[in-house]
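Everything below concerns the one structure shown next.
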Amino acid sequence: MTRRLPERALQALYATGWDIFVGPEEIPNRSRLLWGVGGAVGLLTLLTERIDGEVMDRCPELRCISNCAAGLDNVDLDEAARRGITVCNTPGVLTETCADFTWALILGVTRRLLEGDRMMRAGEYPGWGPLMLLGLDLHGATLGVLGMGQIGRAVARRASAFGMRVLPWVRGASLEEVLAGSDVVTVHLPLTAETRHLLNAERLARMKPGAYLVNTSRGPVLDEEALAACLASGQLAGAALDVFEREPLVHPDLVASDRVLLTPHIASATQATRERMAMLAVQNLIENL
Ligand code: DGY
């Protein structure tokens, strides 16, 4: 186990009677990771660790990599397949939690909650103003959903409760039409060679002027530099980001922008869901060893 997981999952793993090595609570550095995995037949990993051929070389008997995340972009799947190593993830158990959080971001950025909070704390609230912190009406607006997997569908389902029209982007449909027709675009795509920088300068420029962008999938789907430029020029009204191109780093222009709501990759972070993910990752490991 490359990093410490919730107690229940640890106990379930210890109950197997296997010889278990548990990594630290914080993200292990590369040399510690390479040392720690030595000789393992199974690995329970997190999205913060790059599990590539070099890691796999350290454990020639490796039979299963159980990644405690829905995303698998941190694991070199081709390399694992070449070596006959089973790779598992934890989809499903986090769907509703991530969809709830996506709505927290949509509401937060379109109604300028953080700007209001900062104003209050700074003692800068001048009193009610007819032009102060004006945002976007969600009712009657259009939500573009990029990726209609489990999370994308769960986000889209909630849209009707807010009186929003949904424009889904699925394979074969026109991405440009979804971008041009949406007041808020929310991203729910896995990170693959095809989706890396899918939202580049050219595509961001196709978004409706004054629209908002929300990303809770993977940072590199979006070109942060290009997004910062669109926000600076006023082409986009705001963005809410839970994931970043070079986590844990954030592009300095995004940090500096008032119109960006930033959260530290916590879409699935509820007590119950993180425990469900860890338990599923343990169960996957047990079933595949
Ligand atoms: C995942 O599972 O892939 C999320 O990014 C973290 O919950």
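Counting starts at 1 for both ligands and their atoms, following the listed order.
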Taking Arg153 for the side chain and Met148 for the main chain, is one N or O donor matched with an acceptor at less than 3.5 Å?
yes
Checking the side chain of Asn74 only, and the main-chain atoms of Leu46 only, is there a donor and an acceptor separated by less than 3.5 Å?
yes
Atom CG in Leu179, atom CD in Glu202: separation rounded to 0.5 Å?
11.0 Å
CE on Met279 to SG on Cys68, rounded to 0.5 Å:
11.0 Å
Cationic N near anionic O, under 4.0 Å, Glu54 to Arg30
yes
Look at atom CD of Glu177 and say whether more than 12 heavy atoms of other residues, nucleotides or ligands are closer to it than 6.0 Å.
no
Near ligand 1, at a heavy-atom separation below 4.0 Å: residues by chain and residue number
Leu47, Ala69, Ala70, Gly71, Leu94, Arg218, His265, Ser268, Met277
